Amino acid sequence: MAKVPGLFKGLGVTFGTMVETITHGANTVQYPHVKEAPPVRARGVIALHEGNCTSCMLCVRSCPDWCIYIEGHKELAPPRRAGGKPRAVNKLDRFDIDYALCMYCGICVEVCPFDALFWSPEYEYSEPRIADLLHDKAKLGEWMETVPAAPELEVGADKKGKK
Amino acid sequence: MYALLSSIPYWGQTLLRLLGGAVAVLLPAGTIVYLFLFKMMSFMQSRLGPMEAGPYGSMQLFAEVGKWLQKEDLLPERADSFVFKIAPLIVLSSTFLLVAVVPFGPDAWFTNFEAGVFYALAVSSVSVLGILMAGWSSANKYSLLGGLRAAGQLIAYELPMILAVVGVVIQAGSMNLQNIVVAQNAGSIFGWNGLGNPYLLTQFVGFVVFMIAVQAELTQTPFDMPIAESELVSGYMTEYSGFRFLMFFIGEFATAGVFAFIASVLFLGGWGVPFSWFGWSGINDVDSWMNVGGPLIMLTKMLGLVFIIMWVRFSYPRFREDQLQRFAWKVLIPVSLVNIMATSVLKVAF
Ligand code: SF4
Ligand code: SF4
């Protein structure tokens, strides 16, 4: 019997929400007509900054789903200083992420030592065919534009190694 | 009206009745699904629900039915195919049988059955058989669990429902649903007849018990242990797809409508308005426009009652199986027995 007031209160909550939705509109938006702005740091899609990637394969190996595919080859780049030896650099041939498999855990973004992977809030990339969700480095590069600027470092965070 | 009907040959009357029955079952079911399941539930969760198909999503139900009709009619390999296929038909047929005794107007009824209440309560339990058959024949342990839970629950709540109705029957002195309507609208409260005598007032306890039992009979939350989609994956309906699932779906909401019709007949005065408003003294004085107005009044009352059923459904979490049984046997049945006793004592006293 002690629960009866609570039961009526519960009915009041749902009724109140209904009245509020009818008079003031819903909390949701009608998606294709109205677009919702996701929070800046939303995990929408993973973007690649190709210039930073050294094909170190760390992301590939730490991805729990094995859904990153990288192929590369070594190339000789001109020496930095005149008279030096030509440098060997890793050239990225292929960088694909299969978004049909990706579970947005973010491990690849965390693990990348060269700041080549970023979270972008972009979310409109669904495809009618599941195979089309495999996106290559050109597409991943396009998403770089939507990546928000890096947040300010915390005070003292730049004094690396010094004690 | 009645003279008009009897000039039609028997097969024509039967056809008309079948048509009327289909309308009386499917129209409320569609209205309930759109108004309450699509819209009211969405509003209560602060969203808009279907908006794309037709104005305000009003054609959504047709889209859904079209979708279901396209789906493959799956049959589990180990299933008992005959029983599996016939089970949804049995569930749905109990709804159609139920609507047969509901009076919609002074002459607008399908059958004017002397023991209408008895019949209604009897055929409403036929659906338990269909559900048990569906659960058993699916060859799936979730379905079986759901079917058994449904059987246990429906049998437990059948009793308080019957006992709640007994109070009404005692007060009206008749088991005929038409007579119960007349008794309420021609009645008076201590000599004042401006409101008739809806049994909602005198049988309030019975009404509450009846509505709770209806909630459980329809397996609506908080009594949805048998279909518990989050743990039993819809229980006895797990293996059904396409048209057969659609039958279960229609059955659920059509039965909600028909039970609300019966509740409005038993407790809210059914199709009638208080007879004193128009100076009628009995069923024979009622103007024949009530044959059109009556169904509309019934529809309004039905929607009001279904609103309460759905409101409760969207507000409360699920009962545990033991709580559910304890509530039926230890609370509802004793309360309705006391109600019967009080009603009979007062009936004899006045
Ligand atoms: S987010 Fe996780 S699952 Fe997706 S590619 Fe990166 S590591 Fe793999
Ligand atoms: S971890 Fe970073 S640098 Fe290494 S392959 Fe992946 S994206 Fe390139």
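Any value given below was found using the heavy atoms of this structure, including those in side chains, with hydrogens, waters and symmetry copies removed. Only a predicted model underlies this, so the values are computations on that prediction, with no experimental measurement involved. So that the names make sense, note that chain A is the first sequence line, chain B the second, and so on, each numbered from 1.
Counting heavy atoms of neighbouring residues, nucleotides and ligands inside a 6.0 Å radius, atom CE of Met341(B) does not exceed 12 of them. Atom CZ of Arg61(A) has 12 or fewer neighbouring heavy atoms from other residues, nucleotides or ligands inside a 6.0 Å radius. Within a 6.0 Å radius of CZ in Phe243(B), other residues, nucleotides and ligands contribute 12 heavy atoms or fewer. Shown here is Ile130(A), whose CD1 atom has no more than 12 heavy atoms of other residues, nucleotides or ligands within 6.0 Å. By the neighbour-count criterion of 12 heavy atoms within 6.0 Å, atom CZ of Phe8(A) is sparsely surrounded, having that number or fewer from other residues, nucleotides or ligands. By the neighbour-count criterion of 12 heavy atoms within 6.0 Å, atom CZ of Phe249(B) is densely surrounded, having more than that number from other residues, nucleotides or ligands.
The side chain to side chain contact (heavy atoms under 4.5 Å, CB included) test with Phe43(B) is passed by exactly one of Ile22(A), Val19(A), Thr17(A): Ile22(A).
Closest non-hydrogen pair, Phe15(A) versus Phe307(B), comes out as CE1-CZ, 3.6 Å. Considering every non-hydrogen atom in both Thr21(A) and Ser46(B), the closest pair reads OG1-CA, 3.5 Å.
The candidate with the highest count of non-hydrogen atom pairs below 4.5 Å against chain A, out of Met41(B), Glu52(B), Gln45(B), is Glu52(B).
Taken to the nearest 0.5 Å, the CG atom of Leu11(A) stands 8.0 Å off from the CE atom of Met44(B). Taken to the nearest 0.5 Å, the CZ atom of Arg47(B) stands 10.5 Å off from the CD atom of Gln30(A).
In this structure, Tyr316(B) contributes its side chain and Gly10(A) its backbone to no donor-acceptor pair below 3.5 Å.
His24(A) does not touch chain B: none of its heavy atoms, backbone or side chain, sits under 4.5 Å away.
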